[in-house]
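One is the number of the first residue; the rest follow in order along the sequence.
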Amino acid sequence: MVTESSEEVIPLLLSLCKKQQTSHDKVDIVYGSSESIQEFVEDRIKKIQTKIENTGLAQLDEAELAAVWGAVNCCPYFKVDSSLLIRFKNTLRQHLAASDVSGSSAQELMWQSLLGSALSHVYKCCLPWPTIWILCIELQANNAEDAFDIFSENLRHPNKDVRLMTLRILCHFEPLSPDPCVEEHPPPMKKLKTEVVQKSPSEKNDVTTNVLQILKTVGESRPTLRSKKDLDAVRHLPDGRIHDAYLPLVFNGMIGLFNTNNGSTEIWESASKCLADLMMKHTSALWNGLMESFNAFISPFNVFAQSHASDVLPLLLEFMGYNSENPLSVGLYYSEACKGEEWKRLLKQWLALLKLMMNTRSSRFSQFVNDVLQYRFLDDNDAEIQMSVLEFLVLSNDYLLPHRHRLENLIKPKGLREELTTWNFSKDIEEAHRSHFVSLVVRILMPKVGSLKNSASRERTSIFNRKAVLGVISQLDVNELSLFFALLMKPLNIISDEATDLFWSSGKSSLDYFQKSKFSKYINVDALSTLSWKMKSGFLHVIQDIHKIFDIVFHVRPFLDFLMGCVVRLLAGTSLKQFKELRSLCLKIIARVLKKYEDCELGSEFWDLFFSAVNPLIKSFKQEGSSSEKPSSLFTCFLSMSKSPNLVTFLCREESLVPDIFSIPTVTTASEAIKSSALSFIKSLLSLEKDMEDDDHKNKGFLNPYIDALINNLHSLFCGNILRRKSFKYHGEREIKILKLLSKHIRDESHVMKYLNILLSFLDKRVKYSDVHREALLAILLI
């Protein structure tokens, strides 16, 4: 029957086993049973275990689940090898931990029940073993700590059977004695003068053994007065009276009680107090467990947090990378300890706890924590973190209460547009609070300035929001914009520590302080080079939008050196793989600035970095510059520089640059736009040279080294292959103006002949402008 009708065997075996059950934790072995039954039970478990290992839990059907459940329940009665059950139990635990099925689903609950059953029968299979062997070999004290590490998390398992069977197994281990050093020097206890307190070694062992026994008793019984007293007994165990290895077991045991339903919430209060006391006395030992279980017991832990803000806030500061004994500055923290998604997840849990603590002002760390949250995390790109920080700041600053809803809308994507459109926050605040309030608003809005989403539609929305945010910020007074420009750099993490004060304070955000700090000089070039293409591109687009949206004279000009210092360092610090597109974007911004701000100089350091970065382009400028349809951004930069008396000399840094531009009009394949730009460049240089001579400028005479090249190229343009020309389009007013400006540089005899030939070409009848004829004749007469 075992081999032919296996599906009918399990129910019959379960019926037989039920008759052999003598108590909830003891069984009578079915003697005289055939080996085939034992092999049958083992075979069923092995097959299911193999299938789970190969395909996972989800591939088992209900019939297989029922069969393996029955086989597991038969194990203690037929001398099945307990190691098989242990392996099966471990497989279940491993796959349950990796399962993506919801912990509240029926399927997941069935597997948890089976895990509890496996643990239960591992326990029952162990009981018939020779007691001496168990105690001497498997359950000795030196094996206990390893077992505690393995089974500790079971005590917070949502399935009650798993928790109870784990406790029953752990109760069989020899007790661990407390640290002898602590025993020799116990903490002082109040007692009457006549009272003599002595405890025997056996009484001491009873204390340590009872820790697990109390947890087992509480778990097995209904919530009665007895179970509450047992929990209080655990709570009031003096420091050092139990071995440190028991602490995680008690801690997880308390967490497990919060998974208890069916009216057992009566013991939650005692469990809460027990957890609070454990955290006070053994914070360092239990901290990781506290963070992992945060969501499960935020309410009970609040019992501890509410009355111990002075203990909790230093722990928070340590978590955020500070020296909790003496935190010196918001910006002085150990940044390596504050990275990664897991750290950010725990930060959110900390902030959730902080919101529940109403009495943080009583702690000497309260103001420092307030500053840390405002200066480090209010401008975080995670909206959940921003919202939690804002809620805490509102509780700490009463004047914010009337503005709370609107500030929250600035964080929420759905509320942002309306708030930006309808709320003029710069006028809706009392003058006494204005500086602090503007600082908060700017920090809240910063993530909307820099972040772009992945999908195209969300990216368009982000760009729209960015421009709207910039429009609002541009309405601030120029003295209030320093913080905004400084915070542009914060997410990039490329500013040296000595220059980050602007990030961590509102008091140092004045325009005067910003300009004196020479902020862009503290950019870490090595850190800059490691930035991703996306971060560099995003930052440059923000700067581009600022130039389009902000008032040029009042809002941008005071920060121009800083902005352009950032751009040129990005230009110089971009890798070859990222270079072409980012280089083009940098040059577009620089060209736009040079065109708008004709009198800007930007400083020698800027131009050192600029020419170092574009040196490869200059070397091939004639070829590449003349091959495009319209002037490149780099060419546009040179055109603007040719009009500035303070910048023109930088064009002379590269020996070949000016002669190469002079030669572009003679390149037959060059487009008309490119040739026209080159002629405009020549005219600007000649006009500038004349003005500088009239004003006796220090840079006058800069053009002298290039006169030969200029005359030769003009002669080639106007006189070369003249018989084959069909038009004289470059014989206009601009060109005759160039020749008139050039006249004062004609001193050499060879120059005179070429210059005369050029002028004679303007008298050709194919030149249609009579005014040009007249100007050419006058120039010839003056030779």
Quiz prompt | Shortest non-hydrogen contact between Arg466 and Val449, atoms and distance | solution = CD-O, 2.7 Å

Quiz item: Is a donor on one side and an acceptor on the other found under 3.5 Å between the side chain of Ser537 and the backbone of Lys534?
Solution: no

Self-check item: Electrostatic pair Lys412-Glu419, nearest N-O below 4.0 angstrom
Solution: no

Practice problem: Tell me, yes or no, whether the heavy-atom count around Lys467 atom NZ, taken from other residues, nucleotides or ligands under 6.0 Å, exceeds 12. | Solution: no

Exercise. May I ask you to decide if the ring planes of Trp350 and Phe319 are parallel, tilted or perpendicular, using 30° and 60° as cut-offs?
Key: tilted

Self-check item: CG-CE distance between Leu407 and Met387, expressed to the nearest 0.5 angstrom
Solution: 10.0 Å

Practice problem: Determine, step by step, whether Ile444 and Asp379 satisfy the side-chain contact (heavy atoms from CB on, under 4.5 Å) criterion, reporting the C-alpha distance in whole Å, the side-chain angles of both residues, the deciding distance to 0.1 Å, and the verdict. | Solution: CA-CA 5 Å; Ile444 288 172; Asp379 57 337; over 6 Å; no

Exercise. Considering non-hydrogen atoms only, spot the tightest contact between Cys586 and Leu540 and give its length.
Key: SG-CD1, 3.6 Å

Practice problem: Would you indicate whether the side-chain heavy atoms of Pro314 and Phe365 approach each other to under 4.5 Å? | Solution: yes

Quiz item: Ala527 and Thr530: which non-hydrogen atoms are nearest, and at how many Å?
Solution: O-OG1, 2.7 Å

Quiz item: Is there a side-chain contact between Pro327 and Tyr333 (heavy atoms, below 4.5 Å)?
Solution: no

Quiz item: Counting distance only, does the side-chain N/O of Arg376 pair as donor-acceptor with the main-chain N or O of Val372 below 3.5 Å?
Solution: no

Self-check item: Derivation and outcome, side-chain contact (heavy atoms from CB on, under 4.5 Å), residues Leu571 and Leu582
Solution: CA-CA 7 Å; Leu571 177 64; Leu582 289 177; over 6 Å; no

Exercise. Take Met320 and Leu317, measure what side-chain contact (heavy atoms from CB on, under 4.5 Å) needs, and give me the verdict at the end.
Key: CA-CA 5 Å; Met320 293 190 294; Leu317 291 175; 4.1 Å; yes

Exercise. Establish, for the pair Arg443 and Phe484, whether the NZ or CZ atom is under 6.0 angstrom from the six-membered ring centre and no further than 45 degrees off its axis.
Key: no

Exercise. Nearest 0.5 Å please: distance from the NE2 atom of His436 over to the CG atom of Leu393.
Key: 6.5 Å

Quiz item: Under a 4.5 Å cut-off applied to non-hydrogen side-chain atoms, are Val250 and Leu212 in contact?
Solution: no

Quiz item: Does Lys536 use its side chain to pair, donor to acceptor, with the backbone of Gly573 at less than 3.5 Å?
Solution: yes

Self-check item: CA sep, side-chain torsions, deciding dist, call: Lys344, Asp380, side-chain contact (heavy atoms from CB on, under 4.5 Å)
Solution: CA-CA 11 Å; Lys344 181 166 277 194; Asp380 196 275; 3.4 Å; yes

Quiz item: Can you tell me how far the CG atom of Asn397 sits from the CG atom of Leu440, to the nearest 0.5 Å?
Solution: 7.0 Å

Exercise. Could you give me the CA-CA distance, side-chain angles and deciding distance for Arg345 and Glu342, then say whether salt bridge (Lys or Arg N to Asp or Glu O under 4.0 Å) is met?
Key: CA-CA 5 Å; Arg345 182 183 70 82; Glu342 178 64 14; 2.4 Å; yes

Quiz item: Between the main-chain N or O of Leu410 and the side-chain N or O of Lys448, is there a donor-acceptor pair closer than 3.5 Å?
Solution: yes

Practice problem: Please report the closest heavy-atom contact between Gln386 and Pro447, naming both atoms and the distance. | Solution: NE2-CG, 3.6 Å

Quiz item: Do you know the tightest heavy-atom contact between Asn370 and Phe392?
Solution: CA-CE2, 4.1 Å

Quiz item: With no hydrogens and no angle check, is any side-chain donor or acceptor of His555 less than 3.5 Å from a backbone partner on Leu476?
Solution: yes

Quiz prompt | From Glu480 atom CD to Ser435 atom OG, the distance as rounded to the nearest 0.5 Å | solution = 7.5 Å

Quiz item: If you measure from OG on Ser388 to CG on Leu347, what distance do you get to the nearest 0.5 Å?
Solution: 8.5 Å

Practice problem: Would you check if Phe539 and Leu531 make a side-chain contact, meaning some heavy-atom pair closer than 4.5 Å? | Solution: no

Quiz item: Do Asp371 and Gln367 meet the criterion of a side-chain donor-acceptor pair at a distance under 3.5 Å?
Solution: yes

Quiz prompt | Least distance between heavy atoms, Leu155 atom then Leu249 atom | solution = CD1-O, 3.4 Å

Quiz item: Are Tyr322 and Phe368 close enough that their ring centres sit under 6.0 Å apart?
Solution: yes

Quiz item: Roughly how far apart are Ile546 CD1 and His541 NE2, rounded to 0.5 Å?
Solution: 13.0 Å

Quiz item: Can you find a pair of side-chain heavy atoms, one from Ile473 and one from Ile549, that are under 4.5 Å apart?
Solution: no

Practice problem: State plainly whether the residues Glu408 and Arg404 are in salt-bridge range, i.e. N to O under 4.0 Å. | Solution: yes

Practice problem: Kindly indicate whether the side chain of Val394, heavy atoms from C-beta on, has any atom under 4.5 Å from the side chain of His403. | Solution: no

Quiz item: With side chains defined as the heavy atoms from C-beta onward, is the minimum distance between Gln374 and Val389 less than 4.5 Å?
Solution: no

Quiz item: Would a 4.5 Å heavy-atom cut-off, applied to side chains only, mark Ile411 and Leu416 as touching?
Solution: no

